[in-house]
Novice: 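The following block contains the structure, expressed as structure tokens.
Hydrogens, waters and symmetry mates are skipped; everything else that's a heavy atom, side chains included, is used. Numbers here are sequence positions counted from 1.
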Amino acid sequence: MHAIAEKHFNAPFRPNSQIGGANMKKWKSWAAVMLAGIWMLSGCSQPTEDTHITSSPVKPQLIQPSEGTVVTTVTSPLAANANGSPAISPSGVQWVYMSWPIPSQYVSSPLIGGRDDTRISQLLQWVEQAKRVDGKGLSAPLHGRSMAVNIEFSPERKIVIRPAWTCDSSKDAKGNTRTSCKPVDSRVWIEGTEGEPYFAQSDTLYAFVNKGYLDWMPNVNPYEAPSQLPIGGPFTIRGHGARTGQVTVALMKGNSTLWVQPVSVKEGEWLLEGQVSDQLSAGDYEWKINTGITTFLQPIHCERTNLNR
């Protein structure tokens with residue numbers, strides 16, 4: 001159990017703005033409204049671009065006749081070793097995890113280098129076995145708009161696999177552009193290997209990036225934290241799918257930090273147990289959970305019970 005020093009809950013709150021600045025604040029508010037109005041009016045006359053993503057895949061043969069042609073003049077940059085093992089050793093991989101189209105309430109329970117080397121090795125073999133295609137009629141998916149498998153060797157180096165898209169664009173009489181994109185069955189987009197990103201044909205990788213990953217890396221909530229607590233009562237906060245060695249949990253009142261606690265992570269999981277100070281005032285607060293990659297805020301209401309009045 002991580003002990004929580006009650007004196008940290010008695011830290012002073014940040015004071016409200018000085019009364020003498022009320023007129024200035026009011027002027028700034030009116031200025032902001034006027035600028036927003038001018039921006040909206042000017043934007044009405046400007047052409048817009050809208051991209052619509054459809055989840056239902058299309059067959060490759062419906063894109064272009066040449067799209068499915070395997071490029072025979074270029075070999076995969078990841079050639080397997082003579083014994084059939086991956087050219088890139090799974091020992092160099094730190095994490096394998098999923099990215100969602102934004103926003104997402106989930107993270108994936110990651111594969112961890114040194115623990116899940118058999119599965120990581122299998123995934124690297126699938127990358128090596130994927131057949132390059134010429135990519136005619138295909139589009140690289142927009143960052144953050146499709147599922148992705150991330151094989152991370154370091155924060156600066158990773159292999160990313162996404163479903164390949166096909167997109168059609170059209171303009172209306174006002175010059176507004178509408179783009180409609182669909183994934184293409186059995187086609188993927190791969191970047192992070194040697195050379196430039198490329199399109200490839202792989203039933204296995206396409207299935208894995210869509211739903212197959214769930215067998216190895218189930219969706220999990222990044223944290224579980226109470227939204228209500230009695231003052232003086234115990235609490236438990238759990239975390240899942242973290243990809244750092246340490247997270248921090250803080251109790252916030254507005255912009256003021258009342259208490260902060262670092263928590264060690266083991267294989268993506270972490271646990272914090274403690275007790276709310278009986279000196280804390282009743283009211284609304286926030287948990288601030290920083291995983292080192294993403295920061296989450298969750299409201300929490302603390303109230304006094306008959307036992308601690």
Novice: Indicate the atoms forming the closest heavy-atom contact of Pro230 with Thr305, along with that distance.
Specialist: CB-CG2, 3.7 Å
Novice: Checking Phe199 against Trp165 for the ring-ring contact (aromatic ring centres under 6.0 Å, His included) test, could you report, in this order, the C-alpha distance in whole Å, the side-chain angles of both residues, the deciding distance, and whether it holds?
Specialist: CA-CA 10 Å; Phe199 295 101; Trp165 286 356; over 10 Å; no
Novice: Within the side chain of Ser186, is there an N or O that forms a donor-acceptor pair under 3.5 Å with the backbone of Gln201?
Specialist: no
Novice: Give the minimum heavy-atom separation between Ile300 and Leu251, together with the two atoms involved.
Specialist: CG2-CD1, 4.1 Å
Novice: Using distance alone, with no hydrogens and no angle criterion, decide if Tyr198 and Asp134 have a side-chain donor and acceptor under 3.5 Å apart.
Specialist: no
Novice: With the side chain counted from C-beta on, respond yes when Thr179 and Asp168 share a heavy-atom pair under 4.5 Å apart, and no when they do not.
Specialist: no
Novice: Does Ile293 form a side-chain contact (heavy atoms from CB on, under 4.5 Å) with Arg243? I'd like the steps, not just the answer.
Specialist: CA-CA 8 Å; Ile293 297 172; Arg243 303 195 308 277; 3.4 Å; yes
Novice: Would you say that Leu123 contacts Val149 through its side chain, given a criterion of any heavy-atom pair below 4.5 Å between the two side chains?
Specialist: yes
Novice: Report all side-chain donor-acceptor pairs from residues 103-114 shorter than 3.5 Å, counting only partners two or more places apart or in another chain.
Specialist:
{"residue": "Ser104", "atom": "OG", "partner": "Tyr106", "partner atom": "N", "Å": "3.1"}
{"residue": "Ser104", "atom": "OG", "partner": "Tyr106", "partner atom": "O", "Å": "3.4"}
{"residue": "Ser108", "atom": "OG", "partner": "Met98", "partner atom": "N", "Å": "2.9"}

Novice: Got Trp189 and Pro163 here, is their nearest side-chain heavy-atom distance under 4.5 Å?
Specialist: no
Novice: Using the salt bridge (charged side-chain N to carboxylate O under 4.0 Å, His left out) rule, collect all pairs that involve residues 208-232, keeping only residues at least two apart or in two chains.
Specialist: none
Novice: Any chance you could measure Glu303, atom CD, to Ile231, atom CD1, to the nearest 0.5 Å?
Specialist: 8.0 Å
Novice: Can you give me the closest heavy-atom contact between Ala200 and Ile190, atom names plus distance?
Specialist: CB-CD1, 4.2 Å
Novice: Using the side-chain hydrogen bond (donor to acceptor under 3.5 Å, both in side chains) criterion, which residues pair with Glu269? Sequence neighbours excluded.
Specialist: His240
Novice: Any side-chain heavy-atom pair from Pro234 and Glu273 closer than 4.5 angstrom?
Specialist: no
Novice: For Leu280 versus Cys302, what's the shortest heavy-atom pair and its separation?
Specialist: CD2-SG, 3.9 Å
Novice: Just by modelled atom types, is the Gln279 backbone N or O under 3.5 Å from a matching donor or acceptor in the Ser277 side chain?
Specialist: yes
Novice: To the nearest 0.5 Å, tell me how far Ile237 CD1 sits from Leu271 CG.
Specialist: 9.5 Å
Novice: Measuring from Arg157:CZ to Thr193:OG1, what's the distance to the nearest 0.5 Å?
Specialist: 9.0 Å
Novice: Report the C-alpha distance between Leu229 and Tyr285 in whole Å, list the side-chain angles of each, state the deciding distance to 0.1 Å, and finish with yes or no for side-chain contact (heavy atoms from CB on, under 4.5 Å).
Specialist: CA-CA 11 Å; Leu229 279 177; Tyr285 300 86; over 6 Å; no
Novice: Are Asp116 and Val96 close enough that some pair of their side-chain heavy atoms sits under 4.5 Å apart?
Specialist: no
Novice: Among pairs that include at least one residue of residues 119-176, which meet disulfide (SG to SG under 2.5 Å), considering only residues two or more places apart or in two chains?
Specialist: Cys167-Cys181
Novice: Under the side-chain contact (heavy atoms from CB on, under 4.5 Å) criterion, do Val265 and Val247 qualify, and how do the steps go?
Specialist: CA-CA 7 Å; Val265 177; Val247 304; 3.8 Å; yes
Novice: Does Phe296 have any ring pair (Phe, Tyr, Trp, His ring centres under 6.0 Å) partners at least two apart in sequence or in another chain, and if so, which?
Specialist: Tyr223
Novice: Using side-chain hydrogen bond (donor to acceptor under 3.5 Å, both in side chains) as the criterion, list what pairs up with Gln246, not counting sequence neighbours.
Specialist: none
Novice: Would you please classify the geometry between the Phe235 ring and the Trp287 ring as parallel, tilted or perpendicular, with 30° and 60° separating the classes?
Specialist: tilted
Novice: Less than 4.5 Å apart, any side-chain heavy atom of Thr295 and any of Ile289?
Specialist: no
Novice: I need the full list of disulfide (SG to SG under 2.5 Å) pairs touching residues 222-287, with sequence neighbours left out, sorted by first then second residue.
Specialist: none
Novice: Contact between Pro218 and Tyr213 at the side-chain level, heavy atoms closer than 4.5 Å - yes or no?
Specialist: no
Novice: List the atom of Leu205, the atom of Ala130, and the distance in Å for their closest heavy-atom pair.
Specialist: CD1-CB, 4.1 Å
Novice: Would you list the pairs meeting disulfide (SG to SG under 2.5 Å) in which at least one residue belongs to residues 213-254, sequence neighbours left out?
Specialist: none
Novice: With a 4.5 Å heavy-atom cut-off, do Val263 and Thr248 have their side chains touching?
Specialist: no
Novice: What residues form a side-chain hydrogen bond (donor to acceptor under 3.5 Å, both in side chains) with Thr118, not counting sequence neighbours?
Specialist: none
Novice: Would you give the length of the straight line joining atom NZ of Lys131 to atom CZ of Arg187, rounded to the nearest 0.5 angstrom?
Specialist: 10.0 Å
Novice: Between atom CZ of Phe208 and atom CD of Gln122, what is the distance when rounded to the nearest 0.5 Å?
Specialist: 9.5 Å
Novice: Does Asp284 have any side-chain hydrogen bond (donor to acceptor under 3.5 Å, both in side chains) partners at least two apart in sequence or in another chain, and if so, which?
Specialist: His301
Novice: What residue pairs, at least two apart or across chains, pass side chain to side chain donor-acceptor pair (under 3.5 Å) with a residue in residues 93-102?
Specialist: Tyr97-Glu152, Tyr97-Lys158, Ser99-Asn150
Novice: Are Ile159 and Val188 in one and the same hydrophobic cluster, where Ile, Leu, Val, Met, Phe, Trp and Tyr link if side-chain heavy atoms are under 4.5 Å apart?
Specialist: yes
Novice: Val276, Leu272: one ILVMFWY side-chain cluster at the under-4.5 Å cut-off?
Specialist: yes
Novice: Identify the two heavy atoms, one from Val209 and one from Arg162, that lie closest to each other, and give their separation to 0.1 Å.
Specialist: CG2-CA, 4.4 Å
Novice: If I take atom CH2 from residue Trp126 and atom OG from residue Ser202, how far apart are they, to the nearest 0.5 angstrom?
Specialist: 8.5 Å
Novice: Sequence neighbours excluded, which residues qualify as salt bridge (charged side-chain N to carboxylate O under 4.0 Å, His left out) partners of Glu267?
Specialist: Arg115
